[in-house]
Each structure stands twice: as C-alpha cells, then as structure tokens.
Amino acid sequence: MNTLRVILIVLLLARHATAHVGSPNVFFDGKAGPHAVRIVIRPPLALPGLAQVDVRTDGGVSVSVRPVSLVSGVDAAPPAVNAPPVAGDAQLFSASVWLLHRGNYAMHITLDGPGGSGEVRVPVQAAALTKPEMPPSLGLLLGALGVILFAGAVAIAGLAATARRVRVMGIAAVLLATAVGSGAMRWRKMDADFRNNALSKPLPIEARVRTEGERHFLTLEPAGATSSWHTLVTDHGKLIHLFLIEESSGRVFAHLHPVRRERRLFEGVLPPLPPGGYALYGEVTHENGASDTLTGRVTLPAPIGTPTQADWNMKNEAWCQSPPALLGNSAAPGALDADDSWHVGTASPTRSAALMGGGRVVLLTPGEFVANRETSLRFAVLSPIGEAATLQTYMGMAGHCVLRRSDGSVFTHLHPNGSISMAAQQLISPRENSKPAPATLSHEITFPYAFPQPGEYRVWVQVRTPRGVLTGAFDVRVK
C-alpha cells in the first residue's frame, strides 16, 4: 500500500518537462571519447517506467547505460546496465533503464573498445506522457463489484443490529454513500491535478503586439500565475528561441530572439511580416537543466512603413531576410537581434526547395519517411550555379531544422547533434567536456530524427551564408 502511495505522489507532483510538442524522444549525434555515436532515448509513458536507450556506433565495443537523477546525484544512482548488441545489427546496442520519478536525468552512456573508452551524458527529462486509461470492460467489472460490496456492507450492518434493523441499514447506507462520494470527489481532484501538473505538455504564453513610433514590438509573458523566467540560462547565446508560423497557409516562418525585460517579460522588435494569425513556439532552458516549450498565438498587424508587399505575393519565389550587419546581441529590444531571420514562400512538394537569390537546398534522404523509424534528414545547400554553397555557422551550428505537423500536434527544433538543449548538456557534462565541439562546416547538413506520427509535415532548413540567413521549406509526407 505504501508503494502505491509513493507512486501516486510521484505522478501527482510531476511537472511538464519537454522541449518539443508531440515528439518526446531524445536524439543525439556526437562522440563518446573516440567513438562516434547516434543515440535515441525513448522515455516511458508513465513513471516509474522503463526508458529505452538505443546506441548506434562501430561494432566490437561494449556499451553501458546509467541513468543519474540530477536531484539525488551519482552516489544514489543505480549501477550501469549493459547494452548488448541487437540481433542482426552489430552496430546497434540497446538497453532499458528505470526512471523512477519526474525531473531531470543525465543518461551516462559509456563505450569501451579497441580505440579506447569514452562517455557522453545526454539530458533527459522524465514526466508522464499520457494519462492512464481504464478499459471499459474493467470499469464495468469494478463497478459491479462495488455495488455488490456496498449492498453486502449494508446487509451486514443490518444483520449485526439487534433492534431497529431497517434504521441501522439506512444509516449505514448513508454513511457508505457519503464515503463513496467523498472518495469520488477526491479522485476527481487527483485526476485534475494529474492532467494539469503531471502530464508533459508545453507552457502557454500570452503574446501581444504594441506599437512605439514606427516599430511594432512583440511582448511575451507566461500565462501561469506562478511561472517565471528568472532562472533561465543561454542556449546558443540566447535566453529564448521563438518561432512564428503563419497559420492559414504556413507560408511565413520567423526565427526570433526577444530580450528579457523583467522576470516575467520578454520583448523584441517585430520584423516586417505579413499581417495575420500566427502560431508561436518558444524554447527556454533553466539553470537546473530543465527545458520548456512555450506555445501561444498572436495576430500581427500590417508592418509600418513600406514593406515588400510585392515579394509577399510571389507564388514561386522565396523571400528571406535577416539583419544585414552582425552587430551582436541587442542589449534592449530597440533593434532586431543579429540572428533573427524570417522567410516568406511556398514550400516545395519535391526534394528540392528554392532559396532566395537563386540557390537551392536539396533533401538527400533516400526513400520514404515512415513514422517511428529512425532516419537522418540530410540536406545539401547549392549555390545559384549548382555548386556547393559556402556556409557559415548559425548560432554555433552548421544549420537548424524546424518541422511541424499540419495540424500542429508535432513541433520540433533540431540541430545536427540532435534534439537536446546544448545548454542542458553543458550543465550535466564534466567541466573538461562542457564546451561543445566546433561545428564542422560543409554544404551538407544532417539532422537525426524519427517522425512520431504519420501525416503531412512542413520542414524548414536554415543556414547562414555570406548573404545572410536563408531558409528552405519542404512539404513531407510520413507514412
């Protein structure tokens, strides 16, 4: 009984702990010492539960996995679990490890082989991903048993009475009904607490536009009464990464970086985006390693001044913009951030998408995309004359990839090293390994991923060139 109570308390106290919408799996591409690794971590649906850890690397090595809670530390962590190779694939190693409670974990993955040993720590956030549902047949059975128990208890009370048996049975029925009603109220409260606090879900934000002079400003505040942003740390040099996607057609995409003005307030200059309704997705990382996804909606007014309306109405060309001069991060929201970028244009239904200025980005991943199948989103960026394009790092990365399911149920922001927050990984890594490896620049970029659901997706790929940040957009069907 005590074990059941502990499990219920853990479930009720769990908080949201995800950095993506509808895509809970963790992807990492990098190195563990001398070994190149690709890691996929599939968190459990409920806690306590088993997380599946798949490690793809060179054969002939031994792999072990150890989940370490950032609350209790290494000394309280369970022993490492051996990850044996999967039958039929000598380069794929798999293990299941228990995550006992909600919160932040560091998955210590160690490899030993002829080339030496190495370890990598991948941040994982544990929270309930789904609400347990009772099968209707089991509910009917338990309901029938409850009625039998209720009637039996009333009858026993009547048999135990020496006088006024009917009155005693009535009192017993009232007391039992009151107890059942109180239990039902308590259960509904626990269920509401679970839905509101235990299920992994994005945090709502309130977004509005204010106008000052000839500029529009976008203001963001957390919708929750107790939410605060005073414990944030920078990820890729920014406290927040904000994405705006025009809802009616998805033709407009913006990647912005507002400035924190107060503990509960972010604000940034709006670029000249077409007016209309937009879906907002934000990403923030806290000093304890927890990452949150922020979601909201906002209606943008028409830009002030003389925007390039003609470019907006082009059907077959892409229009991309970013600040022309790299002046560094803005200390106050009086100017666009140096890494802000925005894109207007139709998405390509083929494997080749146009870039502004005549270049192209080509999706090289062969074959069809299948839900829950590990893959690599591989792109090549070409110049206007078809040669390999010259790329620069964009916020420390060779590129960024954002994808969204057509109904908004899935949203993910990927880097070449996976879906993890770089800030979170630096917080859990040893000091000598806390600095990320410099990005390897090539005209080809690869993002590890597995689409969580079938359906229609829009994929945006962002790279920085000497002409600024360019975005390619694709429509992808996942079977």
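- Evaluation of the side chain to side chain donor-acceptor pair (under 3.5 Å) rule for Ser182 yields no partner, not counting sequence neighbours.
- Sequence neighbours left out, not one pair with a member in residues 418-429 passes salt bridge (Lys or Arg N to Asp or Glu O under 4.0 Å).
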May I have the list of side-chain donor-acceptor pairs in residues 56-63 shorter than 3.5 Å, sequence neighbours left out?
from, atom 1, to, atom 2, distance (Å)
Arg56, NH1, Asp89, OD2, 3.1
Arg56, NH2, Asp89, OD2, 3.1
Thr57, OG1, Ala36, O, 2.9

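- Checked against side chain to side chain donor-acceptor pair (under 3.5 Å), His443 has no partners two or more places apart in sequence or in another chain.
- The ring pair (Phe, Tyr, Trp, His ring centres under 6.0 Å) test applied to Phe28 returns no partner, not counting sequence neighbours.
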Would you list the atom pairs, donor with acceptor, under 3.5 Å between side chains in residues 111-118 and any protein atom, with sequence neighbours excluded?
none

### Intermediate values then yes/no, side-chain contact (heavy atoms from CB on, under 4.5 Å), Val252 and Trp342
CA-CA 7 Å; Val252 188; Trp342 55 101; 5.9 Å; no
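- With sequence neighbours left out, the side chain to side chain donor-acceptor pair (under 3.5 Å) criterion links Glu287 to no other residue.
- With sequence neighbours excluded, the residues that form a ring pair (Phe, Tyr, Trp, His ring centres under 6.0 Å) with His241 are His236, His255, His257.
- The stretch residues 362-372 participates, sequence neighbours left out, in these side chain to side chain donor-acceptor pair (under 3.5 Å) pairs: Glu368-Lys479.
- To the nearest 0.5 angstrom, Asn25 atom CG is 9.0 Å from Gln52 atom CD.
- In this structure, CG on Leu427 lies 9.0 Å from CG on Leu70, to the nearest 0.5 angstrom.
- Considering Lys31, Gln425, Met107 as possible partners of Val120, the one that fulfils the side chain to side chain contact (heavy atoms under 4.5 Å, CB included) test is Gln425.
- With values rounded to the nearest 0.5 angstrom, Leu220 atom CG is found 9.5 Å from Leu256 atom CG.
- By the side chain to side chain donor-acceptor pair (under 3.5 Å) test, Asp475 is found to be paired with Arg458, residues two or more places apart in sequence or in another chain being considered.
- Rounded to the nearest 0.5 angstrom, Met422 CE and Asp235 CG are separated by 7.5 Å.
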What donor-acceptor contacts under 3.5 angstrom involve side-chain atoms of residues 445-454, with partners at least two apart or in another chain?
from, atom 1, to, atom 2, distance (Å)
Tyr449, OH, Ser23, OG, 2.8
Tyr449, OH, Thr412, OG1, 3.2

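- Taking OG1 of Thr285 as the start and CD1 of Ile240 as the end, the distance is 10.5 Å to the nearest 0.5 Å.
- Atom CZ of Arg351 sits in a crowded spot, with more than 12 heavy atoms from other residues, nucleotides or ligands closer than 6.0 Å.
- Residues forming a salt bridge (charged side-chain N to carboxylate O under 4.0 Å, His left out) with Arg208 (at least two apart in sequence, or on another chain): Glu221.
- Note that the CH2 atom of Trp229 and the CZ atom of Arg263 stand 13.0 Å from one another [nearest 0.5 Å].
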